[in-house]
Amino acid sequence: MGYFLLFPTIFLVFPLVSGLTSSGLVQPNFNASYNAFIGNNGTFLFSRNNTFRAAIFSPGAQKSFYLCVIHAESNTIIWSANRDAPISESGTVSLTSKGLTIADEDGKIRWSTPPLKSSVSALLLTDFGNLVLHDRSNASLWESFHYPTDTIVIGQHLPVGASLSSAVSDDDLSSGDYKLTITTSDAFLQWKGQTYWKLSMDTKAFVNANYAAEYMAINGTGLYLFGNNESVVVIEVFLPLSDFPIAQLGTSGMFTVSSYTSDNWLQEFSGPDDDCGIPFICGPIGFCKYDSSSSNPICSCPSGFHGGLQNTSGCLPSDGSYSLPVSCNSTNKGSRSDPSAFSYLWLGNGSGYFSNSFSQPVKYGVNVSFCKNLCSMDCSCLGIFYGNSSGSCYVLENELGSIMSVDPTDTNLAGFIKVLGGSSTTNFSGTTSVSGQRQAVPVAALVLLPFVGFFLLVALGFLFWKRCGLSKSKEKISGRCNSRSSEDLEAFYISGLPKRFDYDELELATDKFKTQIGSGGFGAVYKGTLPDKTVVAIKKINNLGVQGRKEFCTEIAVIGNIHHVNLVRLKGFCAQGRQRLLVYEYMNRGSLDRTLFGSGSILEWHQRFDIALGTARGLAYLHSGCEHKIIHCDVKPENILLDDNLQVKISDFGLSKLLTPEQSGLFTTMRGTRGYLAPEWLTNSAISEKTDVYSFGMVLLELVSGRKNCLLQSQSHSIDDSASGGGGQSTTSSGSGLVYYPLFALEMHEQKKYLELADPRLQGRTTREEVEKLVRVALCCLHEEPALRPNMVSVVGMLEGGIPVVQPIIESLNFLRFYGRRFTEASTVLERNDGSTSFPLANASRSTSDLHNGFSYISSQQISGPR
Ligand SMILES: *[C@@H]1O[C@H](CO)[C@@H](O)[C@H](O)[C@H]1NC(C)=O
Ligand SMILES: *[C@@H]1O[C@H](CO)[C@@H](O)[C@H](O)[C@H]1NC(C)=O
Ligand SMILES: *[C@@H]1O[C@H](CO)[C@@H](O)[C@H](O)[C@H]1NC(C)=O
Ligand SMILES: *[C@@H]1O[C@H](CO)[C@@H](O)[C@H](O)[C@H]1NC(C)=O
Ligand SMILES: *[C@@H]1O[C@H](CO)[C@@H](O)[C@H](O)[C@H]1NC(C)=O
Ligand SMILES: *[C@@H]1O[C@H](CO)[C@@H](O)[C@H](O)[C@H]1NC(C)=O
Ligand SMILES: *[C@@H]1O[C@H](CO)[C@@H](O)[C@H](O)[C@H]1NC(C)=O
Ligand SMILES: *[C@@H]1O[C@H](CO)[C@@H](O)[C@H](O)[C@H]1NC(C)=O
Ligand SMILES: *[C@@H]1O[C@H](CO)[C@@H](O)[C@H](O)[C@H]1NC(C)=O
Ligand SMILES: *[C@@H]1O[C@H](CO)[C@@H](O)[C@H](O)[C@H]1NC(C)=O
Ligand SMILES: *[C@@H]1O[C@H](CO)[C@@H](O)[C@H](O)[C@H]1NC(C)=O
């Protein structure tokens, strides 16, 4: 004890005796300043094993001193106390029984620990780099780990609600403009409140569980979002094994995980993975393009703009008569200008904006002049991005960031910067360049229109093949995809390829394909048992002989690399000779159609809700969570598998890309057995992820009703039973006894009689509010106009409750009335017949199941004819 009492004095007198500092603690009535510890470079405390030091340190030349925790070997600051209030070289850090305070040389307190529960008996620096105040019983009173700055290290938790904030520069540790924030489902990077990166959407992140996260942490093998007290990994990023990794939000806004080995920092992970994804990399309106030869971002100005003094000071309109308006906010209302005083400068082809992928448009389905007008009315709006195909209007608010370079041939998205003025006195030639810019979009649209239309028509036959599924994987190396058959001996390497099986192995596993458990558009599915006793589902793909094995393997590598708790895992494949087989994890409960429509025990309401949410999450991940956007194209209960805990696993995603263009005709046939196809399959509109949203809406309605959307009344739970309380017969229940349920849902929505829609087998074990929620979300998903359908991320938000459920737009649902009529008419004419064909109305004979399944497009078949 005596030793510890003496310690501070000894320390002050002999600051150079570093052996003492290694005790890892100091006790109260201790003062330190940089000047007093100058011989030690300001260091007054080492952790026990000298990994970390606590120092009064100035990172730059300008003598601003901070109390820092520093990784000794690499000289890396992992924490600073007074980041926003630096002191001079003679400012003091004092430890008293009340806590730590930092005062400048004038004695003014610049920083202190909050009031503590009991008096301090020691200040410790742990071997993990945590600065801790202990009381007499060694209980922690305060820890620097609970007040993170811009870095987390092993052992530190960044809890939900907490954030890291970047330093202004390497010399100035004060809080900069970038923030990393943890929520219960994700980690976000934001710049002035605008999101520019999400961990869950990073290609290296695996979403493991739909569980509320509690904190972010790193260890030697990865970066994690943990839930349920570390027992659940919600999201993980696997990293190479390292002794000392740190996760840091850099001054530029890049979040990185680096590891220190042999005098070097090695960057293992970065988000965003491309520098041009950083909001302010080239200053306001600076145009960032990634140069692959130097692997550096290059800043320039969009056409019509010229550079400021330095490359990061951004760009200004080239025409000096234009000026950029100043944004207003709640505290500074700004002078309201006349909306007509503004004009808009086009940013040119190939312009994108960092926040577009992370924010919702403020409006859908409007024209560009409407969008500009919206911006002109709003003094905080500084520019817009307009998505032509969906009529989406994105506004850039408060502060302009840099412009990202995107594919210049994709002219769908156009960016405009709001400007003031444009002198009326300028003569014609003086403004041509700018007005030419401004007119370029409509002119381009006019010129392009015939080409676009023509292309659409030509492309239609290949639409599914082209639009659906995956784009080609760019990665290479690792994973062997070769064949033992002599027909081609070439072996090639493709990254991330799952396990390759021999045909014989799979034949053995399935006992010569004995137990068929399903069949789909791509072929039959068999149950099998691998030698290690794992039960698997093996899909034997038909009709794929044309596609080369290398192409097949490339696609398989992409599918095999998709990890999400709501997507079924591809465990392996076989590509031997003409055989193509896929090996999936086996789902005990089979597919949703069996559980939902089957005669076994019924699904309770909360289970249906969880299935809806799980399906929505899986689709949201396919649409926006992985490197290549994947449109499922075949969302239906048969493809929604359930595990023992009724956890959803969507199957069959990405398979459309396994077809060659020649085989795309197969889809034409397959469409005949589908019941969830959006109207745009039949009109000539483009297929997009919104096509999946429509199918999801159909599935949602089936979850509510517990029956197929189109079903003979006699085969179903009588709709009249459930509707009887509501009185008035709906037009859906026609004399034929057939009900088109989506139309019934629309009508009950209009009459606010939601409970009539619920599965009668539930016998009231649900609430009106919950049914209303699902039905409203479902109807929004069914909007005829794809742009009016919410995206899957919003659907997840609505189901979770984070986003309010919007009102369905009746005008965009009126097509259901037409479908409903066609449905009942058609059904009365055609008798049951099991010699099924794919094109119901093109043939006199058809099965009722085809009628039911394929119904939603019957009317359009007649309009456009089979293709
Ligand atoms: C520490 O500094 C404070 C003023 O900054 C002074 O009041 C106190 O006596 C000093 N303590 C020691 C042990 O030097
Ligand atoms: C102090 O810092 C200088 C430069 O960073 C370094 O050369 C010197 O070794 C350090 N001295 C001590 C005692 O750590
Ligand atoms: C210091 O202790 C930490 C935590 O126990 C350990 O991870 C690290 O390897 C140690 N460093 C040295 C140099 O012994
Ligand atoms: C507090 O910790 C020190 C050193 O780690 C130890 O010697 C001491 O016994 C502890 N005291 C209590 C009350 O646990
Ligand atoms: C890191 O944490 C994960 C998840 O808890 C664990 O599986 C892994 O083994 C840990 N790695 C190390 C090096 O401790
Ligand atoms: C979390 O786990 C730790 C140790 O594993 C335990 O001490 C603590 O009580 C747990 N907390 C909760 C809330 O379960
Ligand atoms: C900015 O300019 C400097 C020198 O002119 C150059 O070294 C740097 O790479 C440029 N930065 C960007 C992002 O282009
Ligand atoms: C409002 O804008 C002014 C300057 O444009 C800025 O100084 C202030 O911080 C802003 N206030 C808020 C709440 O964003
Ligand atoms: C844009 O839409 C608005 C209403 O939404 C309409 O009044 C206006 O005429 C449209 N402008 C053009 C150029 O189509
Ligand atoms: C923009 O792209 C379109 C189509 O690719 C092209 O016709 C037009 O000339 C381009 N405009 C400019 C200014 O490059
Ligand atoms: C914009 O969309 C309209 C209708 O959606 C289309 O006719 C036009 O060709 C599109 N223009 C461009 C440039 O893509």
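Order of appearance sets the numbers: ligands from 1, and atoms from 1 within every ligand. Index from 1, following the sequence.
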Quick one: look up the protein heavy atom nearest [atom] and list residue, atom name and how far away it is.
{"atom": "atom 14 (O) of ligand 9", "answer": "N367 ND2, 3.2 Å"}
{"atom": "atom 9 (O) of ligand 3", "answer": "N49 ND2, 4.7 Å"}
{"atom": "atom 4 (C) of ligand 3", "answer": "D127 CB, 3.7 Å"}

Between [X] (side chain) and [Y] (backbone), is there a donor-acceptor pair under 3.5 Å?
{"X": "E214", "Y": "N228", "result": "yes"}
{"X": "H71", "Y": "I78", "result": "no"}
{"X": "R789", "Y": "K690", "result": "yes"}

Ranking N31, T96, T92 by closest non-hydrogen atom to atom 1 (C) of ligand 1, top hit is N31
Within the structure, does at least one protein heavy atom fall under 4.0 Å of atom 7 (O) of ligand 9?
-> no
Any protein heavy atom sitting closer than 4.0 Å to atom 11 (N) of ligand 3?
-> yes
Report, in ascending order of atom number, the atoms of ligand 9 lying under 4.0 Å from any heavy atom of F370.
-> 5 (O)
Proximal ligand 9 atoms for S369, defined as those under 4.0 Å from one of its heavy atoms | 11 (N), 12 (C), 13 (C)
Just checking, K372 and F416: is the charged tip under 6.0 Å from the six-membered ring centre and within 45° of the axis?
-> yes
Do the ring centers of F44 and F30 come within less than 6.0 Å of each other?
-> yes
Would you find more than 12 non-hydrogen atoms of other residues, nucleotides or ligands less than 6.0 Å from D106 atom CG?
-> yes
